[in-house]
2 protein chains.
Amino acid sequence: MENQDTTKARLIEAAGREFAEKGYDQARIRSICDRAGANLAAVNYHFGDKERLYREVLLEAYRGGGPEVTPTLGDVPPAEKLRGFIRFFFHHIVALKEEHAWQTRMMAREISDPSAALDEVVQGWIRPRFEMLKSIMREIRPEADDRRLNALCFSVVGQCLMYRLTGAVTKRLIGPESKGLLDDDYLADHVATFTLAALGLGPPAGRDEATNS
Amino acid sequence: MENQDTTKARLIEAAGREFAEKGYDQARIRSICDRAGANLAAVNYHFGDKERLYREVLLEAYRGGGPEVTPTLGDVPPAEKLRGFIRFFFHHIVALKEEHAWQTRMMAREISDPSAALDEVVQGWIRPRFEMLKSIMREIRPEADDRRLNALCFSVVGQCLMYRLTGAVTKRLIGPESKGLLDDDYLADHVATFTLAALGLGPPAGRDEATNS
DNA sequence: GGTCGATTCAAACGAGTGTTTCATCGATTC
DNA sequence: GAATCGATGAAACACTCGTTTGAATCGACC
């Protein structure tokens with residue numbers, strides 16, 4: 001009854017895009033109000049201040065209308081589940097482009113550039129997905145203790161997040177052309193193969209160079 | 001003849017610490033001048049502006065007096081070289097504490113929070129170390145093409161950098177106690193084992209839970 | 001149609017911060 | 001010892017940006 005095109009709703013939408021693009025510090029209230037077609041004072045009137053606006057937007061981002069970002073893994077062998085999780089992770093979190101929903105991009109940004117609201121994000125958004133990975137890993141390594149399970153999961157996540165967190169460096173490091181060759185599908189497949197090999201569930205990584213140039 | 005305790009030298013030292021701690025944006029010229037015991041106008045007098053100060057400090061950081069941060073790997077099997085590289089990487093780049101030299105901390109910061117001077121840093125500091133890793137990988141996988149080699153190296157680096165880039169998240173994700181259990185030595189060993197297993201050079205990861213609790 | 005509360009608007013405020021100014025100091029030189 | 005010039009110091013300037021203010025506008029209700 002209220003989520004029509006009210007000023008408040010437009011502000012949340014505009015702020016979501018702004019925060020997702022620039023992060024909390026670099027986001028500008030003037031820019032948000034411009035995008036929303038609202039007056040500069042609107043943010044203070046409707047939300048009080050910048051931080052409370054951010055928290056409302058964050059709430060909207062992971063509770064509200066954002067797209068579902070949870071892998072659905074059927075009843076397949078754990079190795080296949082792991083491969084599916086990695087592929088999902090790459091396509092929905094690592095490889096975020098401008099056209100992706102700002103809701104997800106804000107979550108991704110909280111990982112690399114946490115705000116004061118990180119606790120809520122970890123608890124409400126990151127942890128459930130991490131636990132999903134951890135339960136897959138537990139299926140694969142029932143005998144591993146909790147510390148080892150965490151390290152194993154971080155080995156998976158680290159390989160993926162690498163490409164999201166250090167994009168500027170890697171592009172300069174190997175050149176834009178080589179970076180372009182590392183597309184999402186290739187990388188997802190590589191990380192999955194690498195990880196399954198590390199767990200003894202597949203052939204060693206890097207020996208199958210028959211397929212590509 | 002000039003690198004005594006001049007105001008300019010003290011400014012570079014103070015700015016190095018400030019930039020390493022807070023990054024370019026959050027660093028404050030007033031704070032730098034305070035640390036250096038210099039007047040506010042000193043930065044402009046000696047360097048022109050904040051950005052040129054940053055570039056000079058960066059130059060000093062990776063050309064000048066910083067500690068040597070390059071792994072020395074003797075004539076051992078490539079698997080051992082890789083293990084040594086990972087251990088080195090963890091101790092000197094990932095696990096940077098406050099007491100580490102600001103020179104290295106600035107390099108680490110450029111990775112996660114690049115400045116306008118990233119090009120120089122990649123070319124002068126990151127690339128040589130990356131090429132070292134790549135040559136090790138080439139010894140292990142002579143038949144792999146360049147794209148695969150890059151992906152393999154990034155799988156190694158990603159597992160390590162993870163802990164540097166997402167510290168705030170991981171601490172909240174698994175709790176400070178569990179995070180504390182993942183000390184540098186444990187993680188370096190884990191990543192090495194994981195990676196060697198992935199390459200078919202060691203036993204699968206996560207099956208050796210006899211040693212620790 | 002007048003009243004009142006909610007909303008919107010233009011304008012300004014005030015704090016933070018990089019930068020500039022200009023007077024002063026101190027050593028070197030003639 | 002006076003002149004000169006690089007270096008330092010206190011103060012202020014200029015700009016950005018979050019926030020506030022007080023008037024104008026709109027809509028509902030009597």
Side-chain angles (χ1 to χ4, degrees), chain A residues 1-60 102 106 109-110 113-118, chain B residues 1-60 102 106 109-110 113-118:
Chain A
M1 188 167 295
E2 218 214 56
N3 47 357
Q4 315 147 23
D5 204 38
T6 68
T7 298
K8 189 169 179 178
R10 290 204 316 279
L11 278 175
I12 287 186
E13 187 71 18
R17 273 195 275 269
E18 177 90 359
F19 285 134
E21 282 176 21
K22 309 184 183 171
Y24 181 82
D25 281 337
Q26 290 305 309
R28 297 288 169 250
I29 289 190
R30 282 169 173 80
S31 170
I32 291 172
C33 291
D34 280 352
R35 291 186 190 221
N39 185 271
L40 175 60
V43 164
N44 257 266
Y45 178 78
H46 286 285
F47 301 94
D49 57 17
K50 189 182 180 183
E51 185 169 339
R52 267 174 289 185
L53 168 63
Y54 186 81
R55 298 193 100 95
E56 288 240 25
V57 171
L58 209 54
L59 229 73
E60 179 71 18
W102 59 261
M106 266 191 83
R109 182 172 279 278
E110 278 286 331
D113 181 23
S115 76
L118 178 60
Chain B
M1 185 166 300
E2 217 215 56
N3 47 357
Q4 316 148 22
D5 205 37
T6 68
T7 298
K8 189 169 179 179
R10 290 202 318 278
L11 277 175
I12 288 186
E13 187 70 18
R17 273 195 275 268
E18 177 90 359
F19 284 135
E21 282 176 22
K22 309 184 182 170
Y24 181 83
D25 281 337
Q26 290 306 307
R28 296 288 169 249
I29 289 189
R30 280 169 174 78
S31 170
I32 291 171
C33 291
D34 280 353
R35 292 185 191 221
N39 186 271
L40 175 58
V43 163
N44 256 264
Y45 178 77
H46 287 284
F47 301 95
D49 58 17
K50 188 181 181 183
E51 185 169 340
R52 266 174 289 184
L53 168 62
Y54 185 81
R55 298 192 101 96
E56 289 239 26
V57 171
L58 210 54
L59 229 72
E60 179 72 17
W102 58 260
M106 267 191 81
R109 182 173 279 279
E110 277 287 330
D113 181 22
S115 76
L118 179 59

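Letters go in sequence order (proteins before strands), and every chain restarts at 1.
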Inset, instruction - Take M106(B) and L58(B) through the test side-chain contact (heavy atoms from CB on, under 4.5 Å) and record every step on the way to the result. - result: CA-CA 8 Å; M106(B) 267 191 81; L58(B) 210 54; 3.4 Å; yes
Inset, instruction - Classify the ring geometry between Y54(B) and Y24(B) as parallel (under 30°), tilted (30 to 60°) or perpendicular (over 60°). - result: perpendicular
Inset, instruction - Check whether any side-chain N or O of N39(A) sits under 4.0 Å from OP1 or OP2 of dA10(C), and answer yes or no. - result: yes
Legend entry - Separation of dA7(D) P from R10(B) CZ (nearest whole Å): 13 Å
Inset, instruction - Compare side-chain N and O positions of R28(B) against OP1 and OP2 of dG16(C) and report whether any pair is under 4.0 Å apart. - result: no
Inset, instruction - Would you please test E13(A) and W102(A) for side chain to side chain donor-acceptor pair (under 3.5 Å) and show each step? - result: CA-CA 9 Å; E13(A) 187 71 18; W102(A) 59 261; 3.1 Å; yes
Legend entry - Row check, Y45(B) ring normal vs K8(B) NZ/CZ: under 6.0 Å, within 45°: no
Legend entry - Rounded distance in Å - NZ (K22(B)) to P (dT17(C)): 9 Å
Legend entry - Minimum-distance nucleotide (side-chain atoms of N44(A) versus dG18(D), dG18(C), dT20(D)): dT20(D)
Legend entry - Integer-rounded Å distance: dT19(C) C1' and E51(B) CD: 15 Å
Inset, instruction - Check every atom of dT21(C), dA12(C), dG6(D) against the side chain of A41(B) and return the nucleotide holding the closest atom. - result: dT21(C)
Legend entry - Value in whole Å for how far the C1' atom of dC9(C) lies from CG of L11(A): 14 Å
Inset, instruction - State whether H46(A) places a side-chain N or O below 4.0 Å from either non-bridging phosphate oxygen (OP1 or OP2) of dA6(C). - result: no
Inset, instruction - Indicate whether OP1 or OP2 belonging to dA7(D) is found under 4.0 Å from a side-chain N or O atom of T7(B). - result: no
